A.B. asks: 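What follows is a single structure, and I will ask about it in a moment.
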Amino acid sequence: MHEYTSTARVWGLTCPGFPEEVSRARRWTRDILRGSPLAEDAELIVSELSANAILHTASGLASGSFHLALAVSTQVIALSVTDDGGASTAPKVEHQGQEAEHGRGLGMVSAIAHRVVVHDSDGGHTVTAELFTAARPGGHPC
């Protein structure tokens, strides 16, 4: 294999900012990851990140949208959701009580994923959650 050739496969999907599009995002993720032992975790992560984009940013406005990217390699599944911006602060993990109705989604994503990264992206934010597919010797994730 050539040294610059990647074995990762990448998919992208842009959805209008309607609540029913969250189920489309889940189905899209499930279809791509069919057969993967991490498919259910990935589906839950995409659901939470997509819902957050719609609820907390301009993605949920009449002309809003959100973009999903899914990258799969032998080492990692990376799931990214990019919103349209408009939030006064960047997404962050908040530790809410179990009775809280809001504010637990990104915390749940952080508990499931091996790594979560938030960065600015064209006026909005991109949240990327990574699920490591293999363990290093000694039982530690890659």
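The shown structure was predicted, so the numbers you read here are calculated from the model rather than taken from an experiment. Residue numbers start at 1 and run along the sequence shown.
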A.B. asks: Check whether any side-chain heavy atom of Glu48 lies under 4.5 Å from a side-chain heavy atom of Val81, and answer yes or no.
C.D. replies: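 Side chain of Glu48 against side chain of Val81, heavy atoms only: no contact under 4.5 Å found.
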A.B. asks: Ignoring hydrogens and angles, tell me if any N or O in the side chain of Asp83 forms a donor-acceptor pair with the backbone of Phe66 under 3.5 Å.
C.D. replies: no
A.B. asks: Membership question, hydrophobic clusters at under 4.5 Å side-chain separation (ILVMFWY): are Leu38 and Met108 in the same one?
C.D. replies: yes
A.B. asks: Check whether any side-chain heavy atom of Ile77 sits under 4.5 Å from a side-chain heavy atom of Leu70, and report yes or no.
C.D. replies: yes
A.B. asks: When rounded to the nearest 0.5 angstrom, what distance separates CZ in Arg24 from CZ in Phe18?
C.D. replies: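 Taking CZ in Arg24 and CZ in Phe18, the distance rounds to 11.0 Å.
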A.B. asks: Would you check if the side chain of Ser59 reaches a backbone N or O of Asp84 as a donor-acceptor pair within less than 3.5 Å?
C.D. replies: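 Answer holds: yes.
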A.B. asks: Taking a hydrophobic cluster as the set of Ile, Leu, Val, Met, Phe, Trp and Tyr residues connected by side-chain heavy atoms closer than 4.5 Å, whether directly or through intermediates, do Trp11 and Leu13 fall within one such cluster?
C.D. replies: yes
A.B. asks: Which residue, Leu106, Asn52, Leu79, forms the side chain to side chain contact (heavy atoms under 4.5 Å, CB included) with Val127?
C.D. replies: Leu106
A.B. asks: Under 4.5 Å between any side-chain heavy atoms of Leu68 and Cys15, yes or no?
C.D. replies: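 Sidechains of Cys15 and Leu68: in contact.
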A.B. asks: Locate the shortest heavy-atom distance separating Ile54 from Gly17; write the atom from each residue and the value.
C.D. replies: CG2-O, 3.7 Å
A.B. asks: Does Thr126 reach the side chain of Val118, with side-chain heavy atoms less than 4.5 Å apart?
C.D. replies: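 In short, these two side chains do not touch, never coming nearer than 4.5 Å.
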A.B. asks: Is it true that Phe132 and Val10 fall in one hydrophobic cluster, defined by side-chain heavy atoms closer than 4.5 Å?
C.D. replies: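 Phe132 does not cluster with Val10.
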A.B. asks: Roughly how far apart are Arg115 CZ and Thr128 OG1, rounded to 0.5 Å?
C.D. replies: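 Going from CZ on Arg115 over to OG1 on Thr128, the span is 9.0 Å.
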A.B. asks: Between Val76 and Thr133, what is the shortest heavy-atom contact and its length?
C.D. replies: N-OG1, 3.6 Å
A.B. asks: State, with a plain yes or no, whether a side-chain heavy atom of Asp31 is found less than 4.5 Å away from one of Arg27.
C.D. replies: yes
A.B. asks: What's the spacing between Thr29 OG1 and Leu49 CG if we round to 0.5 Å?
C.D. replies: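 Reported to 0.5 Å precision, the distance equals 10.0 Å.
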A.B. asks: Between Ser50 (side chain only) and Ser47 (backbone N and O only), is there a donor and an acceptor less than 3.5 Å apart?
C.D. replies: no
A.B. asks: Treating His67 as the side-chain partner and Thr82 as the backbone partner, does any N or O pair qualify as donor plus acceptor under 3.5 Å?
C.D. replies: no
A.B. asks: Minimum heavy-atom separation for Gly85 and Thr57, please, with both atom names.
C.D. replies: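 The pair with the smallest heavy-atom distance is O-CB, 3.3 Å.
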A.B. asks: State the CZ-CD distance between Arg30 and Glu43, to the nearest 0.5 angstrom.
C.D. replies: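 Those atoms lie 4.5 Å apart.
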A.B. asks: Would the distance check show the side chain of Ser65 and the main-chain N or O of Pro16 forming a donor-acceptor pair, the cut-off being under 3.5 Å?
C.D. replies: no
